[in-house]
Amino acid sequence: MFDLPVTTKSERRAAAKFRLWLLDQGWEMSQFSVYLRWCASKEQAERWLREISRNLPGTGKVHVLMVTDRQFEQMTVFRGRSRAGKRPKPEQLTLF
């Protein structure tokens, strides 16, 4: 989750650059300024924390919340007054 200032042209440029970097790295937008990424392990999640730290804009706030698969699975999402259907499961990688 991030809240980046966009009052000046340089701040807007920095916020857009950060957002595009997230998308290029495979993050998925859940809501405006809320992005998700699945990580296979805690070590991989900590590596992403370091990557985010390296690519932070100069000002603003970025919050990172780690949840387990089980916690994420229990999340209920509403869209308007109706409950959203379950998300399709991501494709599994097959190694041989």
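- Between L56 and V62, some side-chain heavy-atom pair lies under the 4.5 Å cut-off.
- Within 6.0 Å of the CZ atom in F32, the count of heavy atoms belonging to other residues, nucleotides or ligands does not exceed 12.
- Residues L4 and F18 meet the side-chain proximity criterion, which asks for heavy atoms closer than 4.5 Å.
- Two residues are said to be in side-chain contact when any heavy atoms from C-beta on lie closer than 4.5 Å; S30 and Y35 fail this criterion.
- Expressed to the nearest 0.5 Å, how far NZ of K42 lies from CG of L49 amounts to 10.0 Å.
- Shortest non-hydrogen contact noted between G60 and P5 is CA-CD, 3.6 Å.
- Side-chain contact between W38 and D69 is present, with at least one heavy-atom pair separated by less than 4.5 Å.
- The CD1 atom of I52 sits 10.5 Å away from the CZ atom of R47 when rounded to the nearest 0.5 Å.
- Within the 3.5 Å criterion, the main-chain N or O of V67 finds no donor-acceptor partner in the side chain of Q71.
- Residue T76 comes nearest to F78 through the heavy atom pair CG2-CE1, 3.7 Å, listed as atom of the first residue, atom of the second, then distance.
- In plain terms, the two heavy atoms of A45 and C39 that are nearest each other are CA-SG, 3.8 Å.
- Using a 4.5 Å heavy-atom cutoff, the side chains of K61 and M1 are not in contact.
- One finds the OG1 atom of T68 at 11.0 Å from the CZ atom of F72 (value rounded to the nearest 0.5 Å).
- Atom CE in M66 sits 5.5 Å away from atom CD in E46 (nearest 0.5 Å).
- Under 4.0 Å is where a charged nitrogen must lie from a carboxylate oxygen, and between E51 and R54 at least one such pair does.
- Separating the OG1 atom in T59 from the CG atom in D3 is a distance of 10.0 Å, to the nearest 0.5 Å.
- Between F2 and L22, the closest side-chain pair of non-hydrogen atoms falls below 4.5 Å.
- Within the model, atoms CG of L36 and CE of M29 stand 10.5 Å from one another, a figure rounded to the nearest 0.5 Å.
- Remark: side-chain polar atoms of R37 are paired, donor with acceptor, to backbone N or O of Q25 under 3.5 angstrom.
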